[in-house]
Each structure stands twice: as structure tokens, then as C-alpha cells.
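Since this is a predicted model, take the numbers as computed values, not measurements. Chain naming here is simple, since letters A, B, ... match the order of the sequence lines and numbering starts at 1 in each.
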2 protein chains.
Amino acid sequence: MPDQELQPAAPKPRRRQARGERRAAQLLDAAATVFTQAGYAGASTNAIAREAGVSPGTLYQFFPNKEAIAVELGGRLLEQWRTSYGEALSAENIRLPLSEMVDAVVDPLLEFNVQNPAFHVLMHGPDTPGQVTDAFEAFHGAVLQRIEELLALYLPDTPRSEITIVANTVLGLFKAGLDLLAVHQDEQEAYRVELKRVLFRYLDPVIGDCVLPDQA
Amino acid sequence: MPDQELQPAAPKPRRRQARGERRAAQLLDAAATVFTQAGYAGASTNAIAREAGVSPGTLYQFFPNKEAIAVELGGRLLEQWRTSYGEALSAENIRLPLSEMVDAVVDPLLEFNVQNPAFHVLMHGPDTPGQVTDAFEAFHGAVLQRIEELLALYLPDTPRSEITIVANTVLGLFKAGLDLLAVHQDEQEAYRVELKRVLFRYLDPVIGDCVLPDQA
DNA sequence: GACAAATGCGAGCGGTCGCTCGCATTCTGG
DNA sequence: CCAGAATGCGAGCGACCGCTCGCATTTGTC
């Protein structure tokens, strides 16, 4: 048997017309809306189809089941994240003063999350299907590693386990800021400032007066 | 018409034997377990009954519907909170140095939440019934007011709106700490320390070197 | 022991949900 | 223009859920 099909079960050689692509995207948009309003479990596929203005049968023309909708939506969000804001955590901002670095990192991340509330819902919903959870957790881990690398540059002598704790704490504080922004949708600006203050004051004693190694 | 029944629709003059009280408590414990594992919507009444080792019919002998289970459980948790830990935010700790005050406030609150995970689930679940949400929000508001009063003592000249923002931020940081404890169930101690560090560093510049008014 | 109330059971009712299926309509390639 | 594929519909199936109901058993009271 020659290696004619090495890809493990080529996902879907289904051919799609432009109309189909539009419908699929439209259904994902509708799913994002309904997931945001009702959570994953609370969102019925019929409601998603209704929101998209199509019949339930049409929905299942493009997605084999409800979980696949969440998986695709999650993938699209992660993709969007990487292409649009993945640079926020890059090494570009390393040599900025701490307060400016916090600005440079927090602002785009907040922006993305405010404009894509489904991201937060899928990431933290108690009923999100495992496959989506896994993808988000991989992403979560990648972000954590980024933060750890940044911190490690400032703290070369600190054991990695402590840096991991600081990184997780920073990420947790960011999520807390997201919740505050969501709850107090008026006054978003005030809480954005407050989140930055929290992060600055938390990190300042840790890395504020570290002397960075000279440019490599 | 004399005032024979001034209480608005006396809830349930149903008489209960000791066995019934035990069953009800047992069902509430089972509900706490199932709610914690599956969330409110994901918890089926049959699953709660099964967890308690009784039949669905028996469950409905003691609770008129699923929502009432959550309401009673929420009430029991709030009651437990008030009688056991309600003093943590009292004025007793006001005159302590900031770091000790953070200890005195955070430790009992964390303890309660770690031992009653259903509290967090019901409070933040996207599908918790409105009546429970209302009760929790009333509680939430009371806690906020407590924190605001504490802060106002340190900052008599700061406008109330700013104090509100700081209080909400403090509460949000505490919730973030809860999440971190829940995710990293090993290393709870490390994250407990880290949460206190965050709170201390956030609050120290605000109230750390304030001179409190003399004893009243 | 007798009687009523309280407690206990579990099959099953009505409803919703995820999803299917048969069939009509629209698009694409030749 | 036509054959076949892609797209679209919506009634309805099977499963599960919240909850009920008729009836059996246990408990408290006299």
C-alpha cells in the first residue's frame, strides 16, 4: 500500500462554493453572539441557526455537530489573535520603562478581548468542550511562556519556578481586569487605568530597578 | 378582614420531622457537589438526587423546583459566611499595619472559598437563576460597602467615586486570587502569598503611610 | 395497635435539544 | 442547456431534562 494518503484521515475534501464560505462565516458570527449571551451549553444550535437567519439543517451542512462550531470559532479567534495582536508580547517592548511596557502589552490585549467577548466566554465557560479547552490551554501556555521569558530576562538569577508563579499571577491579574471591564462597561477607562496601576505596582519592586544586560 | 395573615403568603407551614431535615441538608450537600462539578445548568435534578442516594420524587418532596435548590443552597452559604467569617472585614483590623490587615482579611476569605467551591460557582456561573444572583449581588454590594468604608477611613479626602473604583479593584483582585488557587491546587500556599503581595503592593502607595485619625 | 402525616419510590409526562432526512432550489463545469 | 454537486429547508426523531403522581413505607401521637 503506497503512501497515497499519509495525512491521517484528510479532514474534509468537501468542496465549497463562495456562498458556502459566507454561510459558514455567518454561522460562526452568529455562534459567537449566542455563545456570548448564553454560554456554550446554553446556546442551542437552533438559536444559532435562527440568529444567522438559516434553518437548522443548513447549519449542519457546514458543521457536523455543536462542538465543531465551538472548535472552529475558537480556532478563528486564536488565529485572529495571533495575526493581530500576537506581537504585543514580543521582545520589542522589553527595553521600555516598566510603565510604558505595561501600556504596550495591556492595551492591545484588552482591546482584543473587549471586541471579541466570545474569546473570554469560551476560555472560561465551565461547559466548553474539551477540544476547545485544549486549544485554549495550549494558547494559554504559550502566552505564559512568553511572559516567563520576558520576566526571565529581567531576573536571570531567580529560579524558574518562582518566575512561573509570577507569570501566572500576572495573567490572573489581567483576567481580573477583563472581568472588571466587563462588569463596569461604563467607566472602562477608569478600570483600564486601575489594571495598569495594579500590574505596575506588582511588578515594579520585582523588575523595576533591574539593570538589563546590554544589547545582545 | 383582621390581620390574621400579615406575612405575605407564609412560605410553607409544612411540618417536617428530623429525618426530613436531614434529607434536605443531604440534598443540599449533594447539590453543592453537583453544581461545583457541572455548573447550575449542567446539574440535573436526577443527578443531584442520585448523588444524595434518593429518588427524584424524594428530592421534590423538599424543594419545589431546581431553582429553589440553588436558592436554598445560596442562602445557606451566605448564612454560613456571615456567621463564620463576616467579621473578617470588620473594623477590628483597621488599625493593624497594612500587611497584617491583608493577612487578617484575606486568609479567612480564602479559607471559606476553598472549602465551599459551590459559592464561587453559583456566584459567577453564567446560568445561575436570577433570584440567587440577586442575593449574591446584594452580598457582593455589602462586601464592597465594607471595603469602601475601610478605605474611606484611610482616605477621607478622596472622592467617593475613586474609592469605589479601588474597592471594586480590590475585590476583583481577590477573585483573581481565588481562580489562581483553584487552578494551581498544588502550590496553593505560593499563590496565597502572591495574592497578598499583589494586594499589599497595590494598596501600600494608597493607604500605607496615611496617618489614621486618633481613636474615636 | 390505629390512624394520619411525613417520607420514599420510580415510571413516565411534556418539553427542549442536538441532530437527521427527504426533498426543493441554486450554482458550476462542460 | 443539462447533469450533478452544493446549498437550503423544516418537520420530526431519539435522548434527556425538570418535574408529577399514584402508591408503598415509616414515623409520631393517642
TODO: Specify the separation, in whole Å, of atom CD of Gln61(A) and atom C1' of dT20(C).
DONE: 12 Å
TODO: Using a 4.0 Å heavy-atom cut-off across all strands, classify Asn65(A) as base, sugar-phosphate, or nothing.
DONE: sugar-phosphate
- [ ] Round to a whole Å and report the spacing from CG of Leu59(A) to C1' of dG8(D).
- [x] 12 Å
Open item on the list: Mind checking if Gly20(A) touches a base, just sugar-phosphate, or nothing, with heavy atoms under 4.0 Å?
Closed with: sugar-phosphate
- [ ] Ignoring backbone atoms, test whether Thr58(B) places a side-chain nitrogen or oxygen under 4.0 Å from the OP1 or OP2 oxygen of dC9(C).
- [x] yes
- [ ] Provide, to the nearest angstrom, the distance between the NZ atom belonging to Lys66(A) and the P atom belonging to dC19(C).
- [x] 8 Å
- [ ] Determine, using ring centers only, whether Phe119(A) and Phe112(A) are less than 6.0 Å apart.
- [x] yes
Open item on the list: A cation-pi test, strictly: NZ or CZ of Lys66(A) under 6.0 Å from the centre of the six-membered ring of Tyr40(A) and no more than 45 degrees from its axis. Yes or no?
Closed with: yes
Open item on the list: Please determine whether a side-chain nitrogen of the Lys or Arg among Asp29(A) and Arg76(A) lies less than 4.0 Å from a carboxylate oxygen of the Asp or Glu.
Closed with: yes
Task: Nucleotide of dC19(D), dT7(D), dT20(C) approaching Tyr60(A) most closely (side-chain heavy atoms) - done: dT20(C)
Task: 5'-most by nearest nucleotide on DNA chain D - Ser55(A) or Ala18(B) - done: Ser55(A)
Open item on the list: Check whether Tyr191(A) forms a cation-pi arrangement with Lys196(A) (NZ or CZ under 6.0 Å from the six-membered ring centre, at most 45° off the ring normal).
Closed with: no
Task: Taking every non-hydrogen atom, the tightest pair across Thr58(B) and Arg23(B) - done: CG2-CD, 4.3 Å
- [ ] Could you list by number each residue of residues 21-43 of chain A showing a heavy-atom separation from DNA chain D of less than 4.0 Å, or answer none if no residue does?
- [x] Arg23(A)
TODO: For Arg50(B) and dG10(C), give me the distance from atom CZ to atom P, rounded to whole Å.
DONE: 13 Å
Open item on the list: Could you tell me how far apart Asn46(A) (CG) and dC13(D) (P) are, to the nearest whole angstrom?
Closed with: 15 Å
